[in-house]
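Chain letters run A, B, ... following the sequence lines, proteins first and then strands; every chain starts at 1.
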Amino acid sequence: MPELPEVETVRAGLARHVLGRRVDGIAVRGTRVTRRHDGGEADLVGRLRGRTFTAAVRRGKFCWLLLDEPGEAVLFHLGMSGQLLVRPEGHDEPTAPHLRVRLELDDGTALDFVDQRTFGYLAVPDLVPTADGGPGGLGSDVPALPAPVAHIARDLLDPVVDRRALAAALRRRRTEVKRALLDQTLVSGIGNIYADEALWRARLHGARPADALRPVEAARVLDGAAAVLADALAAGGTSFDALYVDIDGRSGWFERELAAYGREDLPCPRCGTPIRREAFANRSSYSCPHCQPRPRRSGRTAG
DNA sequence: CCCGGATCCTGCTGGC
DNA sequence: TGCCAGCAGGATCCGG
């Protein structure tokens, strides 16, 4: 569910609410939420209890809190439906549906990890040195990444990203441009919503072969992606329903500004042509048939 | 090495 | 009304 703007909204909320707080208690429900932590629940709890959060960091859709134990961090991935919610002191809802982990903090508040579809997880992984000089994501710049993030590329809100080099890398991919945008090892943070919005802004169909894009087209789609991510972040992210809310329970407003995603049969904001929906990798793609003509035949990639 | 598809879950919606 | 197929914002793993 959450893509970069939503995760960054959560990261900023963590920075406001939990930095300097100490973890006094940890309650884990079920085994699935800790499945990615080597050593399982007991080891995770042992590493977390008594630690204080010192920084909130993000790269792409991954978010982590550095701990006062050097070289340690707690990593969150929200998957399709994960939420982090700060509960005020006295809040008592331990049986809330889909609550997976509750961290009790030293000021009486609680940090809840809630996740309906359970694709998200929490872990305390090793931090590994980075080849490219730090996480770059907003919030911090330590020269290490959690091991599960080591292969994740920088994202388009990262000032260090060289967009020209990225465009060149995009044009080397032998796949469709939408698939390349969703590849977190090429550029991170883009999911199904913002891929469709970036392609709409760039007037490109997602089935265009990435290696047949002209340089100006590759630049356009990356510029479009960076712009839509920034616009969505400014609006607090996209919230179709209560499944995505900010750390204090508030919704983002970017849904009103979506041009293509989820708008089947509604008019393209640019030309009025009804938006079409097409099947894509067990999901859907939305695009304007007029502004984003489907490629006539496959270009270099399939040919 | 690189790419595409299957897979892990729960819950809601719409068609029959 | 009830049931079930289809669909949902993602990453990983595995086979070709």
Side-chain angles (χ1 to χ4, degrees), chain A residues 1-10 29-37 58-63 75-84 96-100 113-123 125 146-153 155 169-198 206-207 209-211 225 228-229 232-233 235-246 251-255 257-258 260-264 277-286 298 300-303:
Chain A
M1 154 202 204
E3 304 181 35
L4 187 154
E6 294 77 35
V7 179
E8 171 56 21
T9 300
V10 167
R29 310 198 18 198
T31 57
R32 190 168 157 77
V33 68
T34 56
R35 70 194 181 284
R36 296 270 171 198
H37 179 80
R58 180 190 55 74
R59 175 181 279 203
K61 306 170 196 172
F62 291 78
C63 181
L75 174 69
F76 303 94
H77 197 289
L78 303 181
M80 293 282 261
S81 56
Q83 307 175 300
L84 284 169
H98 315 310
L99 175 65
R100 309 300 176 191
F113 183 74
V114 176
D115 188 12
Q116 177 189 104
R117 291 179 67 186
T118 76
F119 292 158
Y121 65 89
L122 186 150
V149 188
H151 68 293
I152 299 295
D155 59 66
L170 171 63
R171 295 178 60 242
R172 272 181 246 123
R173 292 296 172 111
R174 298 179 58 84
T175 189
E176 298 175 356
V177 59
K178 179 167 176 179
R179 288 185 185 280
L181 290 178
L182 293 174
D183 182 348
Q184 307 296 300
T185 70
L186 176 69
V187 59
S188 67
I190 301 171
N192 206 33
I193 293 180
Y194 298 113
D196 280 1
E197 294 299 303
D211 60 351
V228 74
L229 293 173
L233 177 57
T238 299
S239 311
F240 293 129
D241 52 43
L243 222 50
Y244 176 73
V245 290
D246 192 2
S251 294
W253 294 99
F254 195 69
E255 182 185 4
E257 298 177 46
L258 294 177
Y261 185 87
R263 300 189 74 247
E264 183 177 20
R277 182 169 84 87
E278 297 169 292
F280 168 80
N282 288 328
R283 288 190 180 75
S284 298
S285 288
Y286 299 86
S298 318
R300 197 171 312 177
T301 287

Say you pick atom [atom1] in [N] and the same atom in [M]; how far apart are they, in whole Å?
{"N": "dC3(B)", "M": "dG9(C)", "atom1": "C1'", "answer": "23 Å"}
{"N": "dA11(C)", "M": "dC12(B)", "atom1": "P", "answer": "24 Å"}
{"N": "dT12(C)", "M": "dG11(B)", "atom1": "P", "answer": "24 Å"}
{"N": "dA6(B)", "M": "dG6(C)", "atom1": "P", "answer": "14 Å"}

Between [atom2] of [N] and [atom1] of [X], the distance in whole Å:
{"X": "Tyr194(A)", "N": "dG9(C)", "atom1": "OH", "atom2": "C1'", "value": "9 Å"}
{"X": "Leu170(A)", "N": "dC2(B)", "atom1": "CG", "atom2": "C1'", "value": "16 Å"}
{"X": "Leu78(A)", "N": "dA11(C)", "atom1": "CG", "atom2": "P", "value": "10 Å"}
{"X": "Arg117(A)", "N": "dT7(B)", "atom1": "CZ", "atom2": "C1'", "value": "12 Å"}
{"X": "Asp183(A)", "N": "dC3(B)", "atom1": "CG", "atom2": "P", "value": "8 Å"}
{"X": "Phe254(A)", "N": "dG9(C)", "atom1": "CZ", "atom2": "P", "value": "16 Å"}
{"X": "Arg277(A)", "N": "dG14(B)", "atom1": "CZ", "atom2": "C1'", "value": "12 Å"}
{"X": "Lys61(A)", "N": "dG9(C)", "atom1": "NZ", "atom2": "C1'", "value": "8 Å"}

Does [X] put a side-chain nitrogen or oxygen below 4.0 Å from OP1 or OP2 of [N]?
{"X": "His98(A)", "N": "dG11(B)", "answer": "yes"}
{"X": "Gln116(A)", "N": "dG11(B)", "answer": "no"}
{"X": "Arg174(A)", "N": "dG4(B)", "answer": "no"}
{"X": "His151(A)", "N": "dT12(C)", "answer": "yes"}
{"X": "Ser81(A)", "N": "dA8(C)", "answer": "no"}

Taking the minimum atom-to-atom distance to the side chain of [X], which one of [options] wins?
{"X": "Phe119(A)", "options": "dA8(C), dT12(C), dC8(B)", "answer": "dC8(B)"}
{"X": "Arg179(A)", "options": "dA8(C), dG9(C), dG5(B)", "answer": "dG5(B)"}
{"X": "Thr175(A)", "options": "dG4(B), dC3(B), dA8(C)", "answer": "dG4(B)"}

Across the strands shown, which category fits Asn282(A) at heavy-atom distances under 4.0 angstrom: base, sugar-phosphate, nothing? base
Give Arg35(A) one of three labels, base, sugar-phosphate or nothing, depending on what nucleic acid heavy atoms sit under 4.0 Å from its own. nothing
Taking only Lys NZ, Arg NE, NH1 and NH2, and the carboxylate oxygens of Asp or Glu, determine whether Asp196(A) and Lys178(A) approach each other closer than 4.0 Å. yes
Give me the ring orientation class for His77(A) and Tyr121(A): parallel if the planes are under 30° apart, tilted from 30 to 60°, perpendicular past 60°. parallel
Using modelled atom types only, decide if a donor and an acceptor are shared between the side chain of [X] and the backbone of [Y] within a distance under 3.5 Å.
{"X": "Lys61(A)", "Y": "Ile190(A)", "result": "yes"}
{"X": "Arg59(A)", "Y": "Ile152(A)", "result": "yes"}
{"X": "Ser188(A)", "Y": "Gln184(A)", "result": "no"}

For Arg100(A) and His98(A), what are the C-alpha separation, side-chain angles and deciding distance, and is it a side chain to side chain contact (heavy atoms under 4.5 Å, CB included)? CA-CA 6 Å; Arg100(A) 309 300 176 191; His98(A) 315 310; 3.6 Å; yes
Whom does dT13(B) pair with, Watson-Crick or G-U wobble, provided both distances fall under 3.5 Å?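 For dT13(B), the partner nucleotide comes out as dA5(C), under the 3.5 Å rule.
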